[in-house]
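One structure is given below, encoded as structure tokens.
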Amino acid sequence: MGVRGELREGKRVSENNVRKLIIIGGGPAGYTAALYSARANLEPLVIEGFAWGGQLMITSDVENYPGYPEGVMGPQMMQDFRRQAGRFGAEFLTDDVTRVDFSEEPLRVWVGEDEHRAEAVIVATGATARKLDLPSELRLQGRGVTYCAVCDAAFYREKQVVVVGGGDSAMEEALFLTKFASKVTVVHRRDAFRASPIMVDRARGNEKIEFVLDSAVDEVLGEEKVEAVRLRNVKSGETTEVPADGLFVAIGHDPATSLFSGQLDSDDAGYLLTEGKSTVTNVPGVFASGDVVDHVYRQAITAAGMGCQAALDAERYLSALEGPAEDPLVDDAALATPQNW
Ligand code: NAP
């Protein structure tokens with residue numbers, strides 16, 4: 001993690017300068033877009049977020065990313081992505097975008113008081129962890145309530161923890177936690193899992209993991225820190241208390257799109273809409289890629305693939321703005337051409 005506002009490589013851009021490309025987001029999509037666009041001489045500025053790296057920063061072993069036959073830790077992989085983009089001249093601003101204005105050209109992006117302008121923007125802001133939205137959960141956040149097993153599991157050596165959720169994240173977090181905790185209770189609101197069978201089988205096969213199904217978290221108990229979790233069986237209404245030092249909430253994610261509300265079209269769940277198979281949004285010059293768009297596949301490899309697509313789409317858009325010069329990256333005939341180019 002860097003220092004907030006630090007422009008790690010390259011120079012800070014003056015207010016009146018208009019860049020060719022700004023990339024918002026520092027996950028697999030953003031860094032892949034940076035790699036491709038840097039190699040296409042678009043000199044991208046990546047406003048990567050203060051907590052750059054995205055969801056892979058809270059993922060342990062990644063075993064399914066091609067090119068890493070022995071597997072890799074998520075944070076290491078993100079550092080590799082970032083370094084590879086930096087090698088070709090991508091600049092990184094380690095801070096959060098606070099506002100955008102896509103209503104006219106040039107497109108404008110603010111980080112606090114600093115305004116950045118560009119002819120094209122790639123949005124790759126990803127998605128963030130969902131909360132249970134219990135007052136007791138929010139009160140004890142950081143004091144036993146957490147959304148990141150990889151970040152916090154080591155604090156629970158020989159302790160008891162509860163994991164909420166029935167998806168792959170919950171199974172993965174529960175399994176990871178068994179490396180530290182003495183007991184892991186997985187609480188899921190149904191008796192069927194959204195997680196893949198192989199992950200459920202692995203969790204079921206781990207003697208440290210116990211399942212409590214058809215149950216919801218009613219309240220997180222404890223004054224200064226988590227001491228127990230009160231569960232309610234959703235069928236019988238019966239409540240039980242499970243002693244716990246930590247509550248790991250692993251119930252999915254929401255797209256990080258509030259910045260773009262009213263400017264970029266999104267679906268009912270807030271995911272950004274793109275045109276056909278392209279990364280083109282409803283605003284000319286603005287492209288979207290990765291988990292901020294994709295709620296189906298949501299993998300590092302698919303996000304990276306979309307980041308590549310966004311860079312190619314942006315490069316093509318910028319080339320069209322400049323005139324009919326040859327596009328070195330893209331076979332024109334192979335890409336659908338959105339009407340507004
Ligand atoms: P997910 O698949 O959307 O699962 C979320 C789980 O949380 C569901 O079981 C859901 O219950 C439960 N849930 C949601 N809101 C809740 C609430 N308010 N209270 C209690 N429970 C709630 O999310 P995910 O597990 O984060 O996975 C997201 C995607 O990433 C998936 O495609 C997954 O396959 C992938 N992934 C893969 C791996 C891997 O392969 N290693 C690891 C992590 C994630 P319901 O089932 O009742 O809706």
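Each ligand, and each atom within it, is numbered from 1 in the order the structure gives. What you see is a predicted model; the values in this text were computed from it and never measured.
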Sequence neighbours excluded and cut-off under 3.5 Å, please list the side-chain donor-acceptor pairs for residues 238-250, or say none.
from	atom 1	to	atom 2	distance (Å)
Asp245	OD2	Gln160	N	3.1

- Please list, chain by chain and in numerical order, all residues satisfying side-chain hydrogen bond (donor to acceptor under 3.5 Å, both in side chains) with Ser103, sequence neighbours excluded. Asp101

- Task: Validate the cation-pi geometry between Arg204 and Phe211: distance from NZ or CZ to the six-membered ring centre under 6.0 Å, angle to the ring axis within 45°.
- Result: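 Satisfied, under 6.0 Å and within 45°.
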
- Message: According to salt bridge (Lys or Arg N to Asp or Glu O under 4.0 Å), does anything in residues 26-35 pair up with another residue at least two apart or in another chain? List the pairs.
- Response: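 The answer is none; no pair qualifies.
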
- Item | Leu264 with Trp110, same ILVMFWY side-chain cluster at under 4.5 Å | no

- Non-hydrogen atoms closer than 4.0 Å to ligand 1: which protein residues do they belong to? List them by chain and number, please. Arg130, Leu132, Gly165, Gly166, Gly167, Asp168, Ser169, Glu172, His188, Arg189, Arg190, Arg194, Ile251, Gly252, His253, Arg298, Gln299

- Rounded to the nearest 0.5 Å, how far does NZ of Lys235 lie from CG of Leu213?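 So the gap between those two atoms works out to 9.0 Å.
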
